[in-house]
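Comments concern the structure below.
Side chains included, hydrogens not; waters and symmetry mates left out as well; all remaining heavy atoms used.
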Number of protein chains: 2
Amino acid sequence: MRLPTLRQLQYFMAVADTLSFSRAAETCHITQPSLSLALNELEDLLGEKLFHRGTRKIELSEVGKDLIPLARSIIEQSENLVRMATRHRAPLTAQLSLGIIPTIAPYLLPHLLPALQSSYPSLDLQLKEDITSRQLDALKAGQIDVVLMALPFDTPQMEQMMLWKEPFFLARTGDQKSATAEVTLDDLKNETILLLDDGHCLRDHILSACRLAASSANRKTLGATSLQTLIQMVQNGYGSTLLPAMAIDPHQMPKGITIQRFTNPQPTRQIGLVWRKDDPRVAEFRLLGEFIAKTRH
Amino acid sequence: MRLPTLRQLQYFMAVADTLSFSRAAETCHITQPSLSLALNELEDLLGEKLFHRGTRKIELSEVGKDLIPLARSIIEQSENLVRMATRHRAPLTAQLSLGIIPTIAPYLLPHLLPALQSSYPSLDLQLKEDITSRQLDALKAGQIDVVLMALPFDTPQMEQMMLWKEPFFLARTGDQKSATAEVTLDDLKNETILLLDDGHCLRDHILSACRLAASSANRKTLGATSLQTLIQMVQNGYGSTLLPAMAIDPHQMPKGITIQRFTNPQPTRQIGLVWRKDDPRVAEFRLLGEFIAKTRH
DNA sequence: ATTATTTATAGTTTTTACCTATAAATGTCA
DNA sequence: TGACATTTATAGGTAAAAACTATAAATAAT
């Protein structure tokens with residue numbers, strides 16, 4: 001039996017996704033005529049049209065709708081076959097692309113990268129810093145392999161590995177008076193709480209950890225996309241904020257800021273590693289997770 | 001991510017099956033150097049050797065063993081994708097290859113083929129007559145689509161459709177004395193029962209239907225591979241045999257043979273259609289089954 | 001009618017896949 | 001041990017497939 005090529009199936013998927021030959025050709029890095037020809041060949045092979053072509057709009061035929069899920073699954077499994085081949089090598093010695101969210105990256109990477117480099121010198125790590133939702137999109141599309149992010153977060157078709165839990169601290173304007181000063185969640189009612197831009201999960205985690213309404217009067221969303229900026233806003237008296245433990249360096253506390261511990265139950269966020277459920281490199285990912293947890297300081 | 005081609009996976013499977021590059025090349029209808037190159041490319045892509053090559057013997061590497069099942073499944077699913085495309089067409093209008101066992105074919109086909117031709121004129125039917133075990137091998141290998149055979153029979157990974165049950169009759173030497181003469185299974189103890197060659201399921205079905213031991217003294221296995229030959233043996237006085245109902249034409253009874261009905265419970269065999277569980281054309285196969293059952297006379 | 005947008009077709013070039021011929025490796029047998 | 005048989009690897013050439021550029025054709029929007 002004559003089989004289609006995987007490339008044809010990829011083109012088929014791309015057109016189904018974009019509903020346009022030209023745009024599909026772009027995402028496949030070929031020209032539109034090439035893609036047109038390839039798809040015609042596939043349709044000839046199957047003996048059925050996969051798309052109804054109007055000059056200005058394309059839509060999936062019945063047969064096309066029927067075949068798309070299987071085509072997807074065949075491509076995914078082929079990708080997994082390639083990934084599987086690395087499974088018998090020593091773990092963490094090949095390519096690996098890791099996504100990290102911006103509220104973790106600057107605090108963890110300075111410790112993590114040298115440690116990884118010395119323990120796994122032949123690991124070829126590719127880093128990508130972005131907000132959680134875009135990391136998960138990239139993960140699903142197979143553009144990255146694992147994401148280091150804050151949980152809980154709904155991650156369909158992904159496997160989560162919880163690494164550790166870390167408390168939030170309250171950061172207020174003013175110099176540190178007493179290292180032992182504690183504060184309760186109720187005290188926040190009288191504070192202006194500064195938050196990161198929408199899209200940053202830290203924002204949501206702080207809101208839910210403190211049971212604050214997203215629209216309550218005493219919180220301010222900033223254009224700030226980094227915690228560093230946020231801290232400077234606090235220093236300059238614009239309000240207070242909650243900082244995750246890893247963002248606080250006890251040896252180098254910034255001037256003009258008071259850090260206060262919360263009384264129990266402390267608000268916390270969890271740090272975890274996430275990967276595709278069907279990725280065959282689970283063992284390698286777990287090892288990475290353990291390594292990150294071990295070397296986080 | 002760079003993917004292997006389906007062709008490379010097929011070559012990989014062929015070598016894993018034959019454990020020889022040369023023989024694999026033959027089954028793939030290419031030359032050995034081409035296959036060698038293709039496999040080297042695949043190994044380069046995966047970054048792992050799939051086989052340990054001695055000059056005189058080849059064996060799967062650990063990675064190879066690991067990847068073979070997935071490679072198989074990817075190829076199978078690709079085949080199913082092609083089959084699936086026919087599902088939206090009018091059923092029984094495309095190619096279909098049907099296996100039939102020798103104890104059914106000559107009695108059923110004369111009725112079936114003209115009927116199929118007139119009801120489904122554009123059906124392109126490919127027939128293959130062979131014994132059950134080889135039909136099932138061909139079915140599993142995807143060389144044929146459905147098999148019309150006698151049940152019960154263990155058919156792993158296949159779906160069975162029971163069509164009808166038919167009784168066996170006793171065929172004895174001598175002219176027909178009375179059309180209503182009946183016989184019991186116990187009467188067989190005094191008969192020499194002639195059987196078809198080993199491999200024919202009719203043989204096993206008769207033995208089990210009559211609860212005869214395969215090695216009992218009063219049965220004879222003949223080199224005969226067709227029921228016609230067997231009937232002639234009976235005519236010439238070599239013994240008796242059991243004939244399935246479809247082998248008996250009441251209008252044209254051969255000379256020198258007595259056909260006798262068994263008393264209840266009659267020994268019977270079942271006729272059924274069998275196909276691969278994962279074949280997407282179930283609906284089409286069921287339709288064919290119903291058609292065969294309807295037009296069996 | 002003119003323009004812009006999109007897919008299809010034609011002709012050319014590049015890449016891939018395959019073939020033949022032959023080398024290299026090694027087990028077999030005189 | 002040396003000649004032979006068997007099997008995979010390599011080299012070089014050829015044919016087929018897949019890509020590109022240029023352009024046509026169709027039609028929706030202006």
Side-chain angles (χ1 to χ4, degrees), chain A residues 1-61 63-65 68 71 74-75 78 82, chain B residues 1-61 63-65 68 71 74-75 78 82:
Chain A
M1 174 189 284
R2 194 170 164 70
L3 295 183
T5 67
L6 288 181
R7 207 171 305 192
Q8 286 170 334
L9 296 186
Q10 286 179 310
Y11 296 166
F12 172 37
M13 273 175 49
V15 177
D17 285 341
T18 59
L19 291 180
S20 149
F21 279 51
S22 333
R23 263 170 292 151
E26 234 173 281
T27 65
C28 295
H29 307 108
I30 55 168
T31 57
Q32 168 268 316
S34 301
L35 184 132
S36 261
L37 282 189
L39 265 181
N40 282 335
E41 255 175 48
L42 178 58
E43 288 177 327
D44 282 355
L45 179 94
L46 298 175
E48 294 284 336
K49 288 285 168 198
L50 296 170
F51 299 96
H52 296 304
R53 296 150 165 86
T55 9
R56 215 155 188 88
K57 77 158 174 269
I58 299 281
E59 59 180 7
L60 273 170
S61 70
V63 183
K65 277 184 210 151
I68 268 292
I74 290 171
I75 296 293
S78 306
V82 178
Chain B
M1 176 188 285
R2 193 170 165 71
L3 295 184
T5 67
L6 288 182
R7 207 170 305 189
Q8 286 169 334
L9 296 187
Q10 285 178 311
Y11 296 167
F12 171 36
M13 274 175 50
V15 176
D17 285 342
T18 59
L19 291 181
S20 149
F21 278 52
S22 332
R23 263 170 292 150
E26 235 173 279
T27 64
C28 294
H29 307 106
I30 57 169
T31 58
Q32 168 267 316
S34 301
L35 184 132
S36 261
L37 282 189
L39 264 182
N40 282 335
E41 255 175 48
L42 178 58
E43 289 178 327
D44 282 355
L45 180 91
L46 298 176
E48 296 283 334
K49 289 285 167 200
L50 295 170
F51 299 97
H52 297 304
R53 294 147 164 89
T55 6
R56 213 155 191 87
K57 76 158 175 270
I58 298 282
E59 60 180 5
L60 273 170
S61 69
V63 182
K65 278 184 210 150
I68 268 292
I74 290 171
I75 297 294
S78 306
V82 177

Query raised in the report: Between A/Ser34 and A/Lys57, who's closer to the 5' end of DNA chain C by nearest nucleotide?
Result: A/Lys57
Report task. Using a 4.0 Å heavy-atom cut-off across all strands, classify B/Ile58 as base, sugar-phosphate, or nothing. Result -> sugar-phosphate
Query - Main-chain N/O of A/Lys49 paired with A/Ser61 side-chain donor or acceptor, under 3.5 Å - result: yes
Report task. Tell me whether the OP1 or OP2 atom of C/dT6 has a side-chain N or O from A/Ser20 closer than 4.0 Å. Result -> no
Report task. Please report, rounded to the nearest Å, how far the P atom of D/dA19 is from the CG atom of A/Leu39. Result -> 11 Å
Query raised in the report: Just wondering, are more than 12 heavy atoms of other shown residues or ligands nearer than 6.0 Å to CZ in B/Arg7?
Result: no
Requested in this report: Working to the nearest 0.5 Å, report the span between OG1 of B/Thr31 and CD of B/Glu26.
Outcome: 11.5 Å
Query raised in the report: What's the CZ-P distance between A/Phe21 and C/dT9, to the nearest Å?
Result: 11 Å
Query raised in the report: Between A/Arg7 and D/dA18, does any side-chain N or O lie under 4.0 Å from OP1 or OP2?
Result: no
Query raised in the report: Is B/Ser36 near enough to D/dA9 that one of its side-chain N or O atoms lies under 4.0 angstrom from OP1 or OP2?
Result: yes
Query raised in the report: When all nucleic acid strands are considered with a 4.0 Å heavy-atom cut-off, which category describes B/Phe51: base, sugar-phosphate, or nothing?
Result: nothing
Report summary line: Rounded to whole Å, CD of B/Glu41 lies from C1' of C/dC18 at a distance of 12 Å
Report summary line: Of the listed C/dT9, D/dA11, C/dT7, the closest approach to the A/Ser22 side chain comes from C/dT7
Query raised in the report: Tell me: NE2 of A/His52 to P of C/dT7, nearest whole Å?
Result: 16 Å
Requested in this report: Could you state the atom-to-atom distance from CG of B/Leu45 to P of C/dT16 in whole Å?
Outcome: 12 Å
Query - For atom CG of A/Leu6 and atom P of D/dA18, their distance in whole Å - result: 12 Å
Report summary line: When rounded to whole Å, the CD to P distance for the pair B/Glu59 and D/dT7 reads 17 Å
Query raised in the report: Quick check: does any side chain N or O of A/Gln32 sit under 3.5 Å from a backbone N or O of A/Phe21, one acting as donor and the other as acceptor?
Result: no
Query raised in the report: Within the structure, does a side-chain N or O atom of B/Thr31 lie under 4.0 Å from either OP1 or OP2 of C/dC19?
Result: yes
Query raised in the report: Atom CD1 of A/Ile30 and atom P of D/dA17: how far apart are they, to the nearest Å?
Result: 17 Å
Query - Given DNA chain C, 5'-ward residue of the pair A/Arg53 and B/Gln32, judged by closest heavy atom - result: A/Arg53
Report summary line: Heavy-atom nearest pair, A/Val82 first then B/Leu46, reads CA-CD2, 3.8 Å
